[in-house]
Protein chains: 2
Amino acid sequence: MRAYWQDDLADVSINAICGLAGVSKPALYREFGSEDGLMRAVLDRYAAQVLSEIFAILSRDGTLADTLAALIHFASEDATMETGCVFFKMRAGKHRLGPRTRDGVEAIDSGAVSAFTGFLEARRAAGDWTGDQPAPVVARYMVEQIGLALAQRAAGEDTAQVRATLELAFSVIDRA
Amino acid sequence: MRAYWQDDLADVSINAICGLAGVSKPALYREFGSEDGLMRAVLDRYAAQVLSEIFAILSRDGTLADTLAALIHFASEDATMETGCVFFKMRAGKHRLGPRTRDGVEAIDSGAVSAFTGFLEARRAAGDWTGDQPAPVVARYMVEQIGLALAQRAAGEDTAQVRATLELAFSVIDRA
DNA sequence: ACGTTTTCGTACCGTTTGGTATTTTATTAT
DNA sequence: ATAATAAAATACCAAACGGTACGAAAACGT
């Protein structure tokens, strides 16, 4: 997972992973069956360990402004995301994934849009969000903006510019 | 250029290009020297043929609103961009480019930010843009948003969602 | 018409990829 | 202690990659 996390996905070969993990190649195949199986396992672990934090932020039921601020901080400055995001990296190269990993990516993607949609509708009910766009559209927008920020960080862009971009992008939600 | 344009960069091999172009491999190497040379030539041609249209939109000196609308249309609906953008694809995988292509990508990237900065400052002088952020920051923001839209189109997202996302992203500039 | 030079493509090189057949090592049963 | 069994690594496979050596073919000067 660490290898997929900090390098470009296409630069991580099975051979390299075996070397890093100190494991023989047949041992890896006995455990995961195929590269697809390994990547799916990595994605599942990553979702449980890292992406869960994003969903936790949404579930806190804080103010719209507070939630946006927390998301901005997490995506643009939190050390956890320093080398980008496994999920968005996989999604960016979706067509070269195996079927199991692709299914996992699509499930997380639509799950994220659902979670953001639910959050927005709750804030609308609370009178907190007054935007006139449909919640799913704005939810998709938020997911893409977070993905953009994480891709920028993976590309080595400096934190200040990433934060500025994401603040700009989210400001349209706050004041709609 | 067409191959790099409509497929993922990593899926386009020298062998495949030779097949598509009906050219032998040594002939290609005699012409371009290396894969790096070929990609640089592709990038230069693409910049002259396609990216120039974006700069042309900025140079028209139209209203802020008109220019944003033109950019939105071009990035999210124009058939030219149907399969994404060679420049942004290359920039996304910058670290695996050869030195000449990477230099070209960086030159275009900073040139784009400069062009957008110049445009924004002109609109500010005209009293058209009243944002309080520094122009280069917003310029970078615009470049990234256009890149996001083109990446979405390359990934097969439907036109309406791409447009909605880009409209949302640009609305913060118009009303600031 | 012939020898020279230049252009061009076939056939190859070494390396790396994901994935396995086979052999070696460790464990257990008697 | 030894035979049978389970586990794990070495050594290998075919395919594809970027790149090139070298022989064939065309063009050219005379």
Side-chain angles (χ1 to χ4, degrees), chain A residues 1-46 83-84 86-106 154, chain B residues 1-46 83-84 86-106 154:
Chain A
M1 183 176 86
R2 215 173 306 168
Y4 284 125
W5 198 348
Q6 65 196 18
D7 292 342
D8 190 310
L9 286 200
D11 294 337
V12 179
S13 71
I14 296 280
N15 293 310
I17 288 177
C18 291
L20 287 169
V23 165
S24 77
K25 199 154 39 160
L28 188 147
Y29 275 89
R30 262 175 241 124
E31 188 72 24
F32 298 105
S34 66
E35 188 172 31
D36 187 27
L38 170 65
M39 292 182 90
R40 176 57 190 264
V42 166
L43 179 61
D44 288 345
R45 185 181 183 85
Y46 183 83
T83 56
V86 171
F87 163 66
F88 281 108
K89 284 180 187 177
M90 286 183 174
R91 205 191 59 156
K94 192 164 64 173
H95 71 98
R96 58 172 55 243
L97 300 175
R100 298 194 47 199
T101 310
R102 180 162 42 225
D103 287 352
V105 166
E106 282 167 3
Chain B
M1 184 177 86
R2 215 173 305 170
Y4 285 124
W5 197 349
Q6 66 196 18
D7 291 343
D8 189 311
L9 286 200
D11 296 337
V12 179
S13 71
I14 296 280
N15 292 308
I17 288 178
C18 291
L20 287 169
V23 166
S24 78
K25 198 154 38 157
L28 188 146
Y29 275 87
R30 265 174 232 123
E31 188 72 24
F32 298 105
S34 66
E35 188 172 31
D36 186 26
L38 170 65
M39 291 182 91
R40 175 59 190 262
V42 165
L43 178 61
D44 288 343
R45 185 181 183 86
Y46 183 81
T83 56
V86 171
F87 163 67
F88 282 107
K89 284 180 186 176
M90 286 183 175
R91 206 191 58 157
K94 190 165 64 173
H95 72 98
R96 57 172 57 245
L97 300 176
R100 298 193 48 195
T101 310
R102 181 163 42 225
D103 288 351
V105 166
E106 282 166 3

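Throughout, a chain's letter reflects where its sequence line sits, starting with A, and its residues are numbered from 1.
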Whichever of A:Lys25 and B:Val12 has its nearest DNA chain D nucleotide further upstream toward 5' = A:Lys25
inquiry  = Should the side chain of A:Arg30 and the base of D:dA7 be counted as holding a donor-acceptor pair, with the cut-off at 3.5 Å?
reply    = no
request  = Taking only the side-chain nitrogens and oxygens of B:Ser13, find out if one of them lies under 4.0 Å from OP1 or OP2 of D:dA16.
outcome  = no
Closest-nucleotide 5' rank along DNA chain D - winner of B:Asp36 and A:Ala27 = A:Ala27
inquiry  = Students should find this one: the first and last nucleotides of DNA chain C, 5' to 3', lying under 4.0 Å from a heavy atom of chain A. What are they?
reply    = C:dT17 to C:dA21
inquiry  = Would the distance check show the side chain of A:Lys89 and the main-chain N or O of A:Trp5 forming a donor-acceptor pair, the cut-off being under 3.5 Å?
reply    = yes
note = All heavy atoms of A:Ala41 vs all of A:Phe32, minimum pair found to be CB-CE2, 3.6 Å
ask   = How close or far is atom P of D:dG18 from atom CZ of B:Phe32, stated in whole angstroms?
value = 15 Å
message = In this structure, how many angstroms lie between the P atom of D:dC17 and the CG atom of A:Asp11, rounded?
response = 17 Å
message = Can you measure A:Glu31 atom CD to D:dA9 atom P for me and round it to whole angstrom units?
response = 12 Å
request  = Could you check how far CD1 of B:Ile14 sits from C1' of D:dG19, rounded to whole Å?
outcome  = 9 Å
ask   = Which atom pair, heavy atoms only, marks the closest approach of B:Lys25 to B:Ile14?
value = CD-CG2, 3.9 Å
ask   = Which heavy-atom pair separates A:Leu28 from A:Cys18 by the least distance, and what is that distance?
value = CD1-SG, 3.8 Å
inquiry  = Using only atom types and a distance under 3.5 Å, with no angle test, would you say the side chain of A:Asp36 pairs donor to acceptor with the backbone of A:Thr101?
reply    = yes
query = Under a 4.5 Å cut-off applied to non-hydrogen side-chain atoms, are A:Leu38 and A:Tyr4 in contact?
reply = yes
inquiry  = Both A:Pro26 and A:Ala16 contact DNA chain C. Which one's nearest nucleotide lies toward the 5' end?
reply    = A:Ala16
ask   = Expressed in angstrom and rounded to an integer, what is the separation of A:Leu28 atom CG from D:dA7 atom P?
value = 18 Å
key: Residue of the set B:Met39, B:Arg96, B:Arg40 for which side-chain contact (heavy atoms from CB on, under 4.5 Å) holds with B:Met90   = B:Met39
query = Under 4.0 Å: is that the gap between some side-chain N or O of B:Asn15 and OP1 or OP2 of D:dA16?
reply = no
